[in-house]
Amino acid sequence: MADAKVLQEKAEMFERRAESASDPISRQHYREMAAHYRSLAVEHLNVHRDEPAH
């Protein structure tokens, strides 16, 4: 599973793409992808926080 930092970097990449997109449909798609990766990063952090220490 990817770590939260990698997921956050992907979210930032999609935000940059959204900012430079020339048409509204692409801009919306990239923003949705960024939100998805941010959500995955948070979920990843929550899962690892709740795991018992080894």
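Note that the structure is predicted; figures quoted are calculated from it, not measured.
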Of E19, R17, R16, which is the lone residue that meets side-chain contact (heavy atoms from CB on, under 4.5 Å) with Y30? R17
Interatomic distance, CD@Q28 vs CG@D23, rounded to 0.5 Å, equals 11.5 Å
Quick one: pull up CD in Q8 and CG in L45 and give me the separation to the nearest 0.5 Å. 9.0 Å
How close do A21 and S26 get, heavy atom to heavy atom, and via which atoms? CB-CB, 4.0 Å
Heavy-atom nearest pair, A18 first then R31, reads CB-CG, 3.6 Å
I need the Y37 OH to K10 NZ distance, nearest 0.5 Å. 4.5 Å
Is it true that E15 and R38 have a side-chain N and a carboxylate O under 4.0 angstrom from each other? yes
Between M13 and L40, is there shared hydrophobic-cluster membership here, with clusters defined by ILVMFWY side-chain heavy atoms closer than 4.5 Å? yes
Say you draw a straight line from OG of S20 to CZ of R27; how long is it, rounded to the nearest 0.5 Å? 9.5 Å
Measure the CG-CD distance between D3 and E9 for me, rounded to the nearest 0.5 Å. 8.0 Å
Point-to-point distance, once rounded to the nearest 0.5 Å, from CD of E32 to CZ of F14: 11.5 Å
